[in-house]
A.B. asks: 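This is the structure I have questions about; it appears just below.
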Protein chains: 2
Amino acid sequence: MMTALPDDLIQRFVTIVGDKNAVRDQADLAPHLVENRGLYKGASPLMLKPASTEEVAAIMKLASETGTAIVPQTGNTGLVGGQTPRSDASDIILSLERMNRVRDIDPVANIIVVDGGCILDTVHAEADKVERMFPLSLGSQGSCRIGGNLATNAGGTAVLAYGNMRQLCLGLEVVLPTGEIWNGLRRLKKDNTGYDLRDLFIGSEGTLGVITGAVLKLFPKPRGHQVAFAGLNSPEDALKLFDRASTLCGAALTGFELMPRIGIDFTTKHIPGVRDPLDTVHPWYALIDISTSDTAETAQTMIEDLLEKGFEAGVVQNAVIASSDAQRTALWHMRESMSDAQKPEGGSIKHDVSVPVSKIPVFMAEAEAAVMQALPGARICAFGHLGDGNIHYNISQPVGADKAEFIARWREINHIVHGIVLSHGGSISAEHGIGQLKRDELADIRPGIELELMRRIKTAFDPAGVMNPGKVVSV
Amino acid sequence: MMTALPDDLIQRFVTIVGDKNAVRDQADLAPHLVENRGLYKGASPLMLKPASTEEVAAIMKLASETGTAIVPQTGNTGLVGGQTPRSDASDIILSLERMNRVRDIDPVANIIVVDGGCILDTVHAEADKVERMFPLSLGSQGSCRIGGNLATNAGGTAVLAYGNMRQLCLGLEVVLPTGEIWNGLRRLKKDNTGYDLRDLFIGSEGTLGVITGAVLKLFPKPRGHQVAFAGLNSPEDALKLFDRASTLCGAALTGFELMPRIGIDFTTKHIPGVRDPLDTVHPWYALIDISTSDTAETAQTMIEDLLEKGFEAGVVQNAVIASSDAQRTALWHMRESMSDAQKPEGGSIKHDVSVPVSKIPVFMAEAEAAVMQALPGARICAFGHLGDGNIHYNISQPVGADKAEFIARWREINHIVHGIVLSHGGSISAEHGIGQLKRDELADIRPGIELELMRRIKTAFDPAGVMNPGKVVSV
């Protein structure tokens, strides 16, 4: 293939990790040049697979000295093109897949220390072995890796009670663009000693450094866990039910997800084993997840009490409480399959937006009106983390429409939906980040001083401009 | 008085806020030149009291243009000299006391928006009016102000369940050193759009900008609240009891404070109305605070269950559960008076340290041995937030010793205690920050690259070096 990088330079990078840990064959590279949605296809002559923080440091040092661009990549599950090399073949991919160790686990201190390339499900499994849990829960947890989860400040379905990745991390080890190593692997709940570098790296999408290690929080396993699925008339009723649930359950409310009827239709039709949990049909549904620390009975009592009050108030039309672990898993599986279930229905224009929780109903109404006017026949499958104000506002193409023509309207429709989001003080990227997909749009909507501060930070940390260039902010 | 600033320059600053909002009289300035512990005494020719964000911006613009140093000051309750001007009278004090409004409160969205000069207790009272609560709880809450709470990432007694100020803030409005205004007053639970500027300003102690406004989180008031006070044999037993409490109560455990016998002696002796809650004497005590969202009975059941299991396991020797709101308040009052109760006992050398929670007992044992060797007869009154790993390791002078001679050994004793803290991966400032007091020590203990990154950020945000110079990091 064509490459913008001279052979002797490539050889210097290869030498750092050794021949067998340097991928140059284009067939082997291919899966790392595309991302899941097929929105971006990059090019690269080389992927390096270092085994240690020191090897990562040597790579970044050489990169800064020679002005060579590096794209960090972990599980390649990102949804905004942040992990995809640019198309001119000038970026080297830095994969953390060999740095996948658990370095330490301490159940007394409720801490696990891992490499940046550790797979999320490995963290779940290791925590489970010592009777602890790590709350981050994502559809891609079998392949996404902690370094990427941190770089994108991943969210998922347990944010309501436990927070984003930012809240689940105590300390970081980062290789800077210049090749220096910052050891910030602290294990402290409280530490007010200078600027918050940790939170600056978290969510910077690999543009300020490579996260090679992290100290993560573990939690005692809840004793009680209960899941209910409720049929509702409207997002307004969902909000009312959420308010009741928050007040009644406090921190025991560990999930509150909103789903539309069409999402139930898609999942029951396309996802093997998924069945409609209710024998009645409703325009909207809520999945409610409650975890209690004291006893299993508390969770059961709470969820029964919540649904009873919901019925009495007329906000719940019908509901079922899971009667086994298998049923709890099945309810969550339906929710987590909702994005995949859209694929057989053709093209889908997606949004990952948030608004203040109380604005969800008005946002949904305004967005539906605007989208249906622009895209008659479109099938809106808007679902997500109502409790966080975060909706995955996905729009499946009209039945029988041309997929490519539909997808070509992605930016136009984004512009419409994001305009409504912004009018309610919302965010155009609630949990997926900016990457390539929303970089220019971010520059359009944010005040100049905010972009300017981001550029100053970028330049201060990466003077040679070699760290994932072209992502998040253009310098 | 002598001043390093020319009269015409001072007049230009005065013009921005108007004569009556510019304090030049040294008697009026005096309280703003010292801090509570008497460790620092600064000098300044002028304090400005702007009424608006725009006036703050005009002040900072002029400051950057003329290279004039500005020290932001809110409640002047900081404990590390961060709010005290330097002694050469070259700093102008910027007070936010007139910017003390609640801008908006939305109980449905659980949000309050306030000026940076809003007093913490005002936030408590306003939240209370709409049946909500704001969890930050500090001894100085009657006079400290939100801008300072954010600038120092304040902690306090509710961190265990609700987090530091960092976790309680959704958005900020900041005037930059250059006079530009960053409007980051977002109200979103999830927002992954670029670098985390909010968390960079929080905890930067007024060296990167002036926090003029903030969006804070409110919470539903708990329905159940119960407080117990338990006599214990050792910090080891306190840790065992804390582990049980965490597992049993989860997020309902809203406080777990450790106190030594001498702290009970001091408070019962010196603080009016404080009585020993138990009729037996123990070397250590724990104050346990539980808040439940569902019912009042849950809190009562939980605390009874916890103490019963503690008795059975031999970790609790005696205990009392508060039987009224007045008793709950009295137990907390004893704990919060512990620092003041040391004052009549003479000089006190203080530390605000944290270690991983599981290391508290070994830290306490090692610190006691080292301190008693260095200071025979000293009276260690180490108390604090055991659940956060945060101990206020305060040492009262030996009875009859010379106060000035004792205090003169502050840095020597700090060095000993901090050495032990660092050997356990701890922090030399868990919640009070760096300010002037720990600036040089921080530079000594942190890797060069960390200081270098902090300096680069400081220079990128404050190229003229006018924003609270000499605090946190020297450029």
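Numbers restart at 1 for each chain; the letters A, B, ... are given by sequence-line order, proteins then strands.
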A.B. asks: Under 4.0 Å between a Lys/Arg side-chain N and an Asp/Glu carboxylate O for D388(B) and K190(A)?
C.D. replies: yes
A.B. asks: What part of D294(A) gets closer than 4.5 Å to chain B, counting heavy atoms only: side chain, backbone, both or neither?
C.D. replies: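 Contact with chain B is through both the backbone and side chain of D294(A).
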A.B. asks: Between S293(B) and G250(A) (side chain of the first, backbone of the second, donor and acceptor by atom type, cut-off under 3.5 Å), is there such a pair?
C.D. replies: yes
A.B. asks: Is D106(B) close to chain A through its backbone or its side chain, or both, or neither, when contacts mean heavy atoms under 4.5 Å?
C.D. replies: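 When you check distances to chain A, only side chain atoms of D106(B) fall under 4.5 Å.
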A.B. asks: Using a cut-off of under 4.5 Å on heavy-atom pairs, state which of D243(B), L451(B), T298(B), T207(B) scores highest against chain A.
C.D. replies: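 Heavy-atom pairs under 4.5 Å are most numerous for T207(B).
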A.B. asks: Contact part of E180(B) toward chain A, heavy-atom cut-off under 4.5 Å: side chain, backbone, both or neither?
C.D. replies: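 Side chain of E180(B) only, per the 4.5 Å heavy-atom cut-off to chain A.
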A.B. asks: Would you find a donor on one side and an acceptor on the other, under 3.5 Å apart, between the side chain of N192(B) and the backbone of E431(A)?
C.D. replies: yes
A.B. asks: Counting only N and O atoms by type, is there a donor-acceptor contact under 3.5 Å from the side chain of K189(B) to the main-chain atoms of V159(A)?
C.D. replies: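 Absent.
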A.B. asks: So which part of K458(A) gets closer than 4.5 Å to some heavy atom of chain B, the side chain, the backbone, both or neither?
C.D. replies: both
A.B. asks: Picking from Q167(A), R223(A), K438(A), R198(A), which has the most non-hydrogen pairs under 4.5 angstrom with chain B?
C.D. replies: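 Among Q167(A), R223(A), K438(A), R198(A), the one with the most close pairs to chain B is R223(A).
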A.B. asks: Are there residues of residues 440-448 of chain B whose heavy atoms fall under 4.5 Å of chain A's heavy atoms? If so, which?
C.D. replies: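 From residues 440-448 of chain B, the residues near chain A are L442(B), R446(B).
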A.B. asks: Might you confirm whether atom NZ of K61(A) has over 12 heavy atoms from other residues, nucleotides or ligands at distances under 6.0 Å?
C.D. replies: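 Atom NZ in K61(A) is not packed in, count stays at 12 or less.
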A.B. asks: State whether E450(A) and R186(B) are salt-bridged, where the test is any N-O pair (Lys NZ or Arg NE/NH1/NH2 against Asp/Glu carboxylate O) under 4.0 Å.
C.D. replies: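 Counted as a salt bridge, because a side-chain N and a carboxylate O are separated by less than 4.0 Å.
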A.B. asks: Between L197(B) and I457(A), does a side-chain contact (heavy atoms from CB on, under 4.5 Å) hold up when you go through it step by step?
C.D. replies: CA-CA 10 Å; L197(B) 300 178; I457(A) 292 169; 3.7 Å; yes
A.B. asks: Between I181(A) and chain B, which part of the residue has a heavy atom less than 4.5 Å away: side chain, backbone, both or neither?
C.D. replies: backbone
A.B. asks: Measuring from atom CZ of F201(B) to atom CG of L453(A), what distance do you get when rounded to the nearest 0.5 angstrom?
C.D. replies: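 Result: 5.5 Å between the selected atoms.
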A.B. asks: Given a strict heavy-atom distance threshold of 4.5 Å, which part of M454(A) is in contact with chain B: side chain, backbone, both, or neither?
C.D. replies: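 Both backbone and side chain of M454(A) come within 4.5 Å of chain B.
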A.B. asks: Pick from I111(B), L200(B), N110(B): which one has the most heavy-atom pairs with chain A under 4.5 Å?
C.D. replies: L200(B)
A.B. asks: Contact part of V353(A) toward chain B, heavy-atom cut-off under 4.5 Å: side chain, backbone, both or neither?
C.D. replies: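 No part of it gets close to chain B.
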A.B. asks: What part of N164(B) lies closer than 4.5 angstrom to a heavy atom of chain A: side chain, backbone, both or neither?
C.D. replies: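 Only the side chain of N164(B) comes within 4.5 Å of chain A.
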A.B. asks: Side chain, backbone, both or neither: which part of T178(A) has a heavy atom under 4.5 Å from chain B?
C.D. replies: neither
A.B. asks: On a heavy-atom basis, which atom in V472(B) and which in G194(A) lie closest, and how many Å separate them?
C.D. replies: CG1-CA, 4.0 Å
A.B. asks: Under the rule for side-chain contact (heavy atoms from CB on, under 4.5 Å), what residues qualify as partners of R166(B), not counting sequence neighbours?
C.D. replies: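 Scan of R166(B) (side-chain contact (heavy atoms from CB on, under 4.5 Å), adjacent residues dropped) gives D196(A), D199(A), N153(B), D199(B), I202(B).
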A.B. asks: Quick one: of S429(A), A252(A), S204(A), who has the most non-hydrogen atom pairs under 4.5 Å with chain B?
C.D. replies: S429(A)
A.B. asks: Examine whether an atom of L188(A) lies under 4.5 Å from a heavy atom of chain B, and if so say whether it belongs to the side chain, the backbone or both; otherwise answer neither.
C.D. replies: side chain
A.B. asks: Please identify, among G155(B), A251(B), A161(B), A460(B), the residue contributing the most non-hydrogen atom pairs under 4.5 Å to chain A.
C.D. replies: A460(B)
A.B. asks: Given the options V473(B), N183(B), I428(B), L176(B), which has more heavy-atom pairs under 4.5 Å with chain A than any of the others?
C.D. replies: L176(B)
A.B. asks: Measuring from R187(B):CZ to S354(A):OG, what's the distance to the nearest 0.5 Å?
C.D. replies: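 Here the interatomic distance stands at 13.5 Å.
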A.B. asks: What part of L160(A) gets closer than 4.5 Å to chain B, counting heavy atoms only: side chain, backbone, both or neither?
C.D. replies: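 Just its side chain gets close to chain B.
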A.B. asks: Can you say whether Y162(A) sits under 4.5 Å from chain B via the side chain, the backbone, both, or neither, judging by heavy atoms?
C.D. replies: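 Neither; nothing under 4.5 Å.
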A.B. asks: Locate the shortest heavy-atom distance separating A109(A) from S358(B); write the atom from each residue and the value.
C.D. replies: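 Answer, listing the atom of A109(A) first, then S358(B): CB-OG, 3.7 Å.
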A.B. asks: Between chain A and each of T193(B), I449(B), I434(B), V355(B), count heavy-atom pairs under 4.5 Å; write down the option with the most.
C.D. replies: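 Of the candidates given, the most pairs with chain A belong to T193(B).
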A.B. asks: Measuring from atom CD of E452(A) to atom CH2 of W182(B), what distance do you get when rounded to the nearest 0.5 angstrom?
C.D. replies: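 So the CD of E452(A) and the CH2 of W182(B) are separated by 14.5 Å.
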A.B. asks: Rounded to the nearest 0.5 Å, how far does OH of Y195(A) lie from CD of E205(B)?
C.D. replies: 8.5 Å
